[in-house]
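Structure first, then comments.
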Amino acid sequence: MARKTLKIRDLTLRDGQQSLFATRMNQEQIDRVLPFYKDARFYAMEVWGGAVPDSIMRYLAENPWTRLEKIKAVVGDVSKLTALSRGRNLFGYNPYPEEVIEGFNRNAVKSGIDIMRIFDALNDVDNMKSTIQYVKENGAMADCAISYTVDSKFSARQKFRSWIHLKTLPHDIFTIDYFVEKALQLEAMGADMISVKDMAGLITPIKTGKLIRRLKEEVQLPIDFHTHCTPGFGLASVLSAIVNGVDIVDTSIWNFAGGPAAPAYELVHMFCDKLGIDTGVNPEAVSAINRELKGIREELAEFDTCKVFPSEFDFSKDKLPKEVNKLFVKAIYMAKHDREEELLEACLEIEKFFNFPEPDHLVKKAEIPGGMYTNMLAQLKQLKLDHLLPRVLELVPLVRIKSGCPPLVTPTSQIVGVQAVNCVIDENKNQPFFTTKSIQFVNLVKGIYGHTPFPVDPDFRQQLTGVREETPYDSKNYKKQENIVFEEYGDMKLANNEKEQLLLELFPTVARDYLLHCVEDAYTENIHQIEEEKQRKAREAREAYERLTPEEKEKRLLDGLYHWHDVSSYEEDLGRS
């Protein structure tokens, strides 16, 4: 009987470092692990998109396109390189016109991307349509993600207080049917695979099993499962996805896994061994990568959000203790029989044994992404209002429902989080909610970002934006970023090619600073080269003059072939030497 297979998408170099170390890996650190990745033979490697382009320009003064191209040069076609983008929003908070979307995707594929994971913060498939088209036209695969989220939950007290603001409290929006329907719509649009993208780690093992079974029954495409470990469901939900027939799972390597990141590949591999499943990955190469990652993590200590290293364990040769081996067997049994509580208990014991971070119970209770939670807390601390965090969390469901129940994924998670803080500020000033509002929240309610999962109340839209009807994004209002010409730098342009112009469009402020730095460096280098060329020519002229006889020197000078300045300079140099 043929051994079952499971494909693995490694997240270490993008999602892993973004979740744990604020995307601070530099090119030298990336270069150190790439030869081992070539031997590891992961089905795919997520290496780009997300916060990578912004962060490496902002903090490392590195070129995002160069990073992608260097990874491709080493890994080649052994593993498919993947990136993450937000459809029409790409990397910004606002939608972009088609020429920017087309240019970005064409250049991303040209620079090495084989699979573009496309998602939309509202699960509005219309916002993903053109990206699917451009990715496929340029020869890459369109991985279409449905952003997993849960309905807003209200306590009895919240429901009573919310009645003032809401005529009805919506419920049963984000059902299994909802996600399956989105997957079917994306399949009809030309998706090559479907990903369940659980950015907050909120999907439980039972819901994972139900969703994967339905998707495998109704969608004729490979299904990928992506989650995080923040609230403590991650490993158990991945195991549930595997036993229910998922085609691909996303993992990070040991020292870049757990906590806010994805589950560790090594733990998944050990489960697969017991299930008779082949991942096609080379364990020795993964262990070699992990050894390098430990040193890199130590170098990134100031950015480490967990400060907790998992135990030393080489899964390619070390044996599991008997009691831990029993936990693996128990977890598999419980996953196969949908016994969620015992499955979670076994998986958490496994992670505890290997010293992975414990679940974040605050995030679990609030049912929001960890990044959203920490951003709200940081905003409150800046205002010296951090004691009001419980009230902010209480208002998140209200803000979310008023804005159409958006999934809490970038950028809507940050938009909703900031607005919840704004509502608390209003409350503290005895002002009505939504007196203080961000332009992004206004645009979300207005319809600029697309169709929300639940209709926005027209009266609220009128109150907040001045219009009753949903108003979609109009590319006519888009203003292209100016490509400045610097006279002081010899008329050099800020962006010298299409890729640099795209960086300027996608990251206006960050790219402007980065590209200006590049212009200054290029100008300095150019001046240095010009000066070196002058010196070379002068040196050659002097050397040629030195080889002449006295008669030839006099004749050349009289013929004007040498300038007296060259000769005098040469004689001065001789005198100095």
Side-chain angles (χ1 to χ4, degrees), residues 11 13-15 17-19 22-25 46-69 81-113 115-122 124 127-128 130-132 134-135 140 142-145 147 195 197 199 369 371-372 375 406-415 418 439-440 443-444 448-450 473 475 478-481 495 498-515:
L11 306 174
L13 301 185
R14 204 288 297 174
D15 190 270
Q17 64 143 331
Q18 182 174 321
S19 297
T23 325
R24 289 304 206 281
M25 282 185 80
E46 187 182 74
V47 297
W48 209 63
V52 166
D54 179 297
S55 291
I56 69 173
M57 284 191 292
R58 186 191 299 263
Y59 301 113
L60 305 175
E62 293 181 0
N63 189 314
W65 298 105
T66 301
R67 170 164 295 192
L68 175 56
E69 288 156 5
L81 299 189
T82 81
L84 179 70
S85 90
R86 301 183 210 139
R88 289 187 73 184
N89 283 12
L90 291 173
F91 300 96
Y93 268 48
N94 297 309
Y96 287 93
E98 290 302 310
E99 59 266 30
V100 176
I101 300 171
E102 187 280 330
F104 166 75
N105 285 288
R106 171 169 40 82
N107 280 281
V109 174
K110 184 179 178 181
S111 292
I113 290 302
I115 302 174
M116 184 67 74
R117 173 171 279 171
I118 310 153
F119 77 97
D120 178 69
L122 299 178
D124 182 352
N127 284 340
M128 301 164 69
S130 64
T131 300
I132 295 170
Y134 299 137
V135 166
D143 170 16
C144 296
S147 296
S195 285
K197 178 177 162 54
M199 52 283 163
M372 176 181 173
N375 283 351
L408 296 179
V409 60
T410 306
T412 51
S413 57
Q414 305 312 325
I415 295 171
V418 168
I439 185 62
Q440 288 86 9
N443 286 341
L444 175 60
I448 298 296
Y449 288 98
Y473 170 72
S475 61
Y478 183 80
K479 186 178 179 182
K480 192 173 182 181
Q481 297 296 316
E498 186 184 19
K499 288 179 179 177
E500 290 184 350
Q501 183 67 52
L502 284 164
L503 293 178
L504 198 56
E505 298 300 325
L506 298 172
F507 313 97
T509 304
V510 173
R512 191 175 293 115
D513 292 344
Y514 167 71
L515 292 173

Nearest 0.5 Å, please: how far is [atom2] in [Y] from [atom1] in [X]?
| X | Y | atom1 | atom2 | answer |
| --- | --- | --- | --- | --- |
| Asn105 | Ile113 | CG | CD1 | 10.0 Å |
| Asp143 | Ile118 | CG | CD1 | 7.5 Å |
| Leu84 | Arg14 | CG | CZ | 5.0 Å |
| Arg58 | Thr509 | CZ | OG1 | 8.0 Å |
| Asn89 | Phe119 | CG | CZ | 8.5 Å |

Nearest heavy-atom neighbours spanning [X] and [Y]:
| X | Y | result |
| --- | --- | --- |
| Glu62 | Met57 | O-CG, 3.5 Å |
| Leu13 | Val52 | O-CG2, 4.5 Å |
| Lys499 | Ser111 | NZ-OG, 2.8 Å |
| Leu122 | Pro406 | CD2-CB, 3.6 Å |
| Ala145 | Arg117 | CB-CG, 4.2 Å |
| Ala51 | Thr23 | CB-OG1, 3.7 Å |

How about [X] and [Y]: do any of their side-chain heavy atoms sit closer than 4.5 Å?
| X | Y | answer |
| --- | --- | --- |
| Pro411 | Gln440 | no |
| Trp65 | Leu503 | yes |
| Leu60 | Arg67 | yes |
| Asn443 | Tyr473 | no |

Qualifying residues under side-chain hydrogen bond (donor to acceptor under 3.5 Å, both in side chains), relative to [X], sequence neighbours excluded:
| X | result |
| --- | --- |
| Asp513 | none |
| Asp120 | Asn127 |
| Glu98 | Ser130, Tyr134 |

Next item on the list: Determine, step by step, whether Glu99 and Lys480 satisfy the salt bridge (charged side-chain N to carboxylate O under 4.0 Å, His left out) criterion, reporting the C-alpha distance in whole Å, the side-chain angles of both residues, the deciding distance to 0.1 Å, and the verdict.
Entry: CA-CA 11 Å; Glu99 59 266 30; Lys480 192 173 182 181; over 6 Å; no

Just to verify, what does [X] make a salt bridge (charged side-chain N to carboxylate O under 4.0 Å, His left out) with, not counting sequence neighbours?
| X | result |
| --- | --- |
| Glu505 | none |
| Arg88 | none |
| Asp15 | none |
| Glu498 | Arg106 |

Who passes side-chain contact (heavy atoms from CB on, under 4.5 Å) against [X], sequence neighbours left out?
| X | answer |
| --- | --- |
| Met199 | Ser147, Lys197, Val409 |
| Val109 | Asn138, Ala140 |
| Arg24 | Ala22, Tyr59, Leu300, Phe303 |
| Glu500 | Ala495, Asn496, Asn497, Leu515 |

Notebook entry, point to check: So, the side chain of Thr412 versus the backbone of Pro407: is there a donor-acceptor pair under 3.5 Å, distance only?
Noted result: yes

Margin query: Check whether Gln481 reaches the backbone of Leu504 with its side chain - one donor and one acceptor, N or O, closer than 3.5 Å.
Written below: no

Note to self: Restricting to ring pair (Phe, Tyr, Trp, His ring centres under 6.0 Å), what partner residues turn up for Phe104, sequence neighbours left out?
What the structure shows: Trp48, Phe91

